[in-house]
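For reference, the structure discussed in these notes is given below.
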Amino acid sequence: MSSNTFGKLFAVTTFGESHGPAIGCVIDGCPPGIAISPEDFTADLQRRATGRSRFTSQRHEADAVEILSGVFEGRSTGTPIALLIRNTDQRSKDYAAIGAQFRPGHADYTYQHKYGLRDPRGGGRSSARETTMRVAAAVIAKRYLAENFGVRVQAWVDQIGPYVAQRFDEAAIEQNPFFWPDAEQVPVLEAYMDGLRKSGDSVGARLSAQATGVPVGWGEPIYGKLDADIASALMSINAVKAVEIGDGVAVAQQRGSEHRDEMTRDGFSSNHAGGILGGISSGQTIVARMAIKPTSSVLVPGRSTDVHGNEIEIVTRGRHDPCVGLRAAPIMEAMIALVLMDHALRDRAQCGPAWHRRALDER
Ligand code: EPS
């Protein structure tokens, strides 16, 4: 596997497996002078972590970040930043029964056939655990974007199985275990998730995100489009099956006169485009959505095969997420922030600082 690095100028490499000794990342190209301490990672890592409610896997990891390099006296130095989190609560024996079996719908099958062997404990690289380091790296990106541009990225869950959010109250999102923007629906979701967990099954989810404060001009035409890079980044999250930008698939039924975002001296009068035109940010809020599949590690018996081709009945025991989408809001934010960070640096590298652009405008 040589595809574990992400970003051109703010390049993040993640490594590690769910049941290995540790997971980590190296961030190369980070601007110098950003204040970074191990505690800065805590809030977002806890938002993503398992074991924070009865609705997620009960694996309890401290997710304590060790900064191995690239930071001196609390500030980034411009050299590679290496972050490490030691795994402490693996329970590999849970996987003994299915080590030679394929979970239908899981990456087990394709990893095994591609490489001829795999680390079956906890899904290895295909585990949700891999997303920890994306969130850690994005803490630095989020800080840089906020301090230098006032950019803020917020994601939330707006569909769990048959339930769709009825209202959008941003203040509610962080106040419940579902990252759900409608407080009134939370008791219904709790009952639904309790029932689902008892049934031993899992369910999918849909999430939305918005990035506010992004200036006009980030992203490059054709092969470096901001929307293409966001889509790729979101699709790279394990279990994501669909991504939309702006109105997304709904554009198929719109007319041009409806879809266009009319402009006045005061700005755009709508945002069907989701803040990106021609692959370049328009200065409007960037809007993205993604759908996450129901995880394949379920207690409901299913037909499958083992590595020898024998037909078997599979049941996956252990600690699993009945809806991994419930933990995906910080991951979605992280991937969007990492793309924006990379494009902020790329924009400055090619087009120079704002004063340079103004000078060109005035010619
Ligand atoms: C996961 C199974 C569980 C989860 C894990 C994702 O753990 P294990 O890999 O030990 O079986 O707890 O998520 C995390 C550990 C995490 O930090 O996100 C799975 O089946 O994907």
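Every number for a ligand or one of its atoms is a count from 1 in the order of the listing. Position 1 is the first residue of the sequence; numbering continues from there.
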**Prompt:** Going by the order shown, which atoms of ligand 1 are within less than 4.0 Å of some heavy atom of His19?
**Reply:** 8 (P), 9 (O), 10 (O), 11 (O)

**Request:** Indicate yes or no for a side-chain donor-acceptor contact from Lys293 to the backbone of Gly105 under 3.5 Å, with no hydrogens or angles considered.
**Result:** yes

**Request:** Using only heavy-atom distances, determine whether the side chains of Gln253 and Glu258 contain a donor-acceptor pair under 3.5 Å.
**Result:** no

**Item:** Heteroatom distance test (Arg59, ligand 1): nitrogen or oxygen, under 3.5 angstrom
**Value:** yes

**Item:** Shortest protein contact, atom 6 (C) of ligand 1 (heavy atom only)
**Value:** Ser127 OG, 3.5 Å

**Prompt:** What is the closest protein heavy atom to atom 21 (O) of ligand 1, and at what distance does it sit?
**Reply:** Ala128 N, 3.5 Å

**Request:** Decide whether Arg59 and Ser18 meet the rule of one side-chain donor and one side-chain acceptor closer than 3.5 Å.
**Result:** yes

**Prompt:** Taking atom types as modelled and ignoring hydrogens, do the side chains of Gln90 and Ser92 form a donor-acceptor contact shorter than 3.5 angstrom?
**Reply:** no

**Message:** Using a strict threshold of under 4.0 Å (side-chain N to carboxylate O), is an ion pair present between Asp89 and Arg319?
**Reply:** yes

**Request:** Return a yes/no value for Arg103: is any of its N or O atoms, backbone included, closer than 3.5 angstrom to an N or O of ligand 1?
**Result:** no

**Prompt:** Going by heavy atoms, is Gly318 under 4.0 Å from ligand 1?
**Reply:** no

**Asked** Tyr95 to ligand 1: N or O pair under 3.5 Å?
**Response** yes

**Prompt:** Taking the inter-plane angle between the rings of Phe178 and Phe55 on a 0 to 90° scale, is it parallel (under 30°), tilted (30 to 60°) or perpendicular (over 60°)?
**Reply:** tilted

**Prompt:** Do any N or O atoms from the side chain of Thr50 and from the backbone of Thr56 form a donor-acceptor pair under 3.5 angstrom?
**Reply:** no

**Prompt:** Is it true that Thr295 lies under 4.0 Å from ligand 1, counting heavy atoms only?
**Reply:** no

**Request:** State whether the shortest distance between N or O atoms of Arg327 and N or O atoms of ligand 1 falls below 3.5 angstrom.
**Result:** yes

**Request:** Any atoms of ligand 1 less than 4.0 Å from a non-hydrogen atom of Ser57? List them with their elements.
**Result:** 3 (C), 4 (C), 12 (O)

**Asked** When the ring centroid of Tyr163 is compared with that of Trp180, is the distance short of 6.0 Å?
**Response** no

**Message:** Would Arg319 count as a contact residue for ligand 1, given that I'm defining contact as a non-hydrogen atom of the residue lying under 4.0 Å from a ligand atom?
**Reply:** yes

**Fill in**
protein heavy-atom neighbour closest to atom 14 (C) of ligand 1 works out as Thr50 CG2, 3.7 Å

**Test of proximity, Arg129 against ligand 1: N or O pairs below 3.5 Å** = yes

**CD1 on Ile237 to CE on Met290, rounded to 0.5 Å** = 4.0 Å

**Item:** CD-CD1 distance between Glu130 and Ile23, expressed to the nearest 0.5 angstrom
**Value:** 8.5 Å

**Asked** Based purely on interatomic distance, does Thr132 place a nitrogen or oxygen under 3.5 Å from a nitrogen or oxygen of ligand 1?
**Response** no

**Asked** Touching ligand 1 at all, His320? Heavy atoms, strictly under 4.0 Å?
**Response** yes

**Asked** For ligand 1, which part of Arg48 has a heavy atom less than 4.0 Å away: the side chain, the backbone, both, or neither?
**Response** side chain

